[in-house]
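Quick note on labels: first sequence line is chain A, next is B, and so on, each numbered from 1. Note: hydrogens, waters and symmetry copies are ignored here, and every other heavy atom, side chains too, is used.
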Number of protein chains: 2
Amino acid sequence: MELSERKKKVLRSVVDLYIRTAEPVGSKAVCELPDMKFSSATIRNEMAALTELGYLEQPHTSAGRIPSAAGYRLYVDELMADHRLSLEETKSINSAIEDKMQRLDRMMEKVAKLVSQATDLPAISVTSRQSGTTVKRYDLIQTGPTGVILVMMLSTDEVVNKLMRLPVDATDTDLKLLSAVLNAAMTGIGAEGFTSELLEKVMSSAGAAAMLVPVIVDFATETLRRQGHTDMAIAGQARLLGLPEYRDVDKAQKVLTSFDSDALSNLPAVMQNENGTKVLVGPENVAQELKDTSVVMTKFDIGDGLQGMIGVVGPTRMDYAKVTARLSYFAESLSKIFNKPEQPQLPDGDPVGEGLDPPSIQEN
Amino acid sequence: MELSERKKKVLRSVVDLYIRTAEPVGSKAVCELPDMKFSSATIRNEMAALTELGYLEQPHTSAGRIPSAAGYRLYVDELMADHRLSLEETKSINSAIEDKMQRLDRMMEKVAKLVSQATDLPAISVTSRQSGTTVKRYDLIQTGPTGVILVMMLSTDEVVNKLMRLPVDATDTDLKLLSAVLNAAMTGIGAEGFTSELLEKVMSSAGAAAMLVPVIVDFATETLRRQGHTDMAIAGQARLLGLPEYRDVDKAQKVLTSFDSDALSNLPAVMQNENGTKVLVGPENVAQELKDTSVVMTKFDIGDGLQGMIGVVGPTRMDYAKVTARLSYFAESLSKIFNKPEQPQLPDGDPVGEGLDPPSIQEN
DNA sequence: CTTTAGCACTCGATACCTTTGAGTGCTAAG
DNA sequence: CTTAGCACTCAAAGGTATCGAGTGCTAAAG
């Protein structure tokens, strides 16, 4: 059943006001809004109806109304105005992302900080990698009589290295042999492929530098295993305490504690089949600790099988329009940067992420 | 002037009780302690004297006493019992540090988490590197027609790499030439040494792969600059909210916010000339935000010009004995691990870090 | 039929007051 | 020097009255 235009307008007003004030909204406040042409009594009737329909709730008889989860859903899906970013906002976001950073995890830490700043809420950034990474290529570089650097190039084109010491002298030829063996036998297989049989086989044909093989296999296994891993950074936790709903220390503590625990580690799973921005409202959320708390997450593509996500955690009352707008913009900027890896380039003036899917919302 | 034995005993009792209960300590509570053989009236007199001397304070007339900053100092310096770790405690610390981890920063993140767990307080881990790092050696590895991996070995023996793309085909010989030039001209100099004259000089003699030089110089500069940098991880922020003194959200927020800002970035400077454990008590602390808050930090050596620190942040009332004991033990274990880089090995059963300097304290 | 003004009612929030009790300092006796 | 006793202080806790925002309902007006 479709709501009347007027009901929608009232509902939107209530949500907007509640987002701004964090306090139950009364009929008077609504009817005093600039473009509301009805008296408080009429509004009262509409609000009573909306309460009946389950879009609003009443904390107690003589208080105003607050939006229910269903009310938020309707708001996010249909009613909220899309919040265009001002020029200054896009500028400050861009210049923040601009400094090219070298290491992905450092960068994502920084991004979390920026998102937190932009939204005034705690922010999360996640990178997760599909498993199935393999080593594409091994190189060994000799440094001094017993020093050897192992350089591995992964199937994701990421390059990792490790410095090793060799107890006996090894010639350049020994190392060339070893790397040839490694490249022949140990490329294109995942972490689970490094069996002890393989290890033995490689060692037997590896010549003088064979004692390096276990170290290499260890390192490779560990590296590949880590590749399937998710990596998460959180910033701006303190901002939570600035919000009226978390003046109650116990509530705040529950939420903050859930950051430290791995309550959020199933976020990637939840987002797996989603695209664009997803709003998780209220109870039965990713983590049970987060009643009254919503999570807004946006996925973006890093390339190379890497999956990036940024998001914020805040009260269900948060300003969804602003938050989703900023997240989308961040995500889009980041996507652009990652797709031109060598010369990070700013996305230009276009202020809103038009290419993204509309936000979807999940509730209950 | 030296305090009488009895005064010391009373002072110790007051601090101990206050640490346990977080509430002003009355004469009755003190005289009910097992080995206190005087009546509450006597204790009252002693406490009045200690207040006179500035070691105790009275929040208001009819409340008990709490230790002043001076009181804490005396306590930490002379009075506190050294808290020996139980076997389980050492075991759990060891097994936690045990999993060898590859990347230093990841490891320090993990360590912060562990310290936080062990002390039930927010924990900080810092690694800082003296500047003055240089590149010791360059290697170029060709991967496919246009792919090149740059591997740099730093004077700290750390190895970093970067994947680059070359717009034109380059032969193995071109790369050999380039790396020879790099090794000849660009080793042993710091970030400030990479001038544009040097860049030009190197480019002119670099042959076919010369266009890589600016990218390499950029990367090297950035890397070296980062080397002088401090790196910090914080864990367990939520634990702060569990403490009675931070039920006041505003206080808690101030402290937590100071984590996000760089208020703590001068910690390394403060610790520069200190060894062992340092206790920073109360106001005029590292960060002004941290009134009522103390920081306990322990330095340890990572080697290779790297400096490690772990510490906790908590109320001035924190259990110094326990905290310093655990920090020392952690620090010692970490030192041992870092000094046997290839096969991390557990420190064995010796429960307390006897080799460390006695804790020093700074106040005001 | 819709809108609006009026009004009695509800109930959390606030302010004010009282009570309670832990803790003190002082005095005087042991 | 130590201790029991006692009057005094003052924050914390609890109880009561008041206030007012907001409601639902009714009846009149459009």
N/O donor-acceptor pair under 3.5 Å between B:S68 side chain and B:G54 backbone: yes

Distance, rounded to the nearest Å, where B:I66 contributes CD1 and C:dG23 contributes P: 14 Å

Separation of atom CZ in B:F38 from atom P in D:dC1, rounded to whole Å: 13 Å

Nucleotide nearest A:M47 when distance is taken to its side chain, options D:dT23, C:dA5, C:dT24: D:dT23

Contact nearer the 5' end of DNA chain D, comparing A:A41 with A:P24: A:P24

Whole-Å gap separating C1' (C:dT27) and CG (B:N45): 12 Å

Side chains of A:T277 and A:T298, donor plus acceptor under 3.5 Å: yes

side-chain N/O B:T42 vs D:dT2 OP1/OP2, d < 4.0 Å: no

Nearest-Å distance for atom pair NZ/P, residues B:K28 and D:dC6: 16 Å

Minimum-distance nucleotide to A:S39 side chain [options: D:dA4, D:dT23, C:dA5]: C:dA5

Sugar-phosphate, base or nothing in reach of B:S40, heavy atoms under 4.0 Å: nothing

Salt-bridge present (A:R65, A:E57; N to O < 4.0 Å): no

Interatomic distance where CD belongs to A:E23 and P belongs to D:dA21 [whole Å]: 12 Å

D:dA21 phosphate, OP1 or OP2, under 4.0 Å from A:R65 side-chain N/O: no

Phosphate OP1/OP2 of D:dT2 contacted by B:R6 side-chain N/O (<4.0 Å): yes

Side-chain H-bond candidate by donor/acceptor type, A:S294 with A:Y72, under 3.5 Å: no

Presence of B:S62 side-chain N/O under 4.0 Å of C:dA22 phosphate oxygens OP1/OP2: no

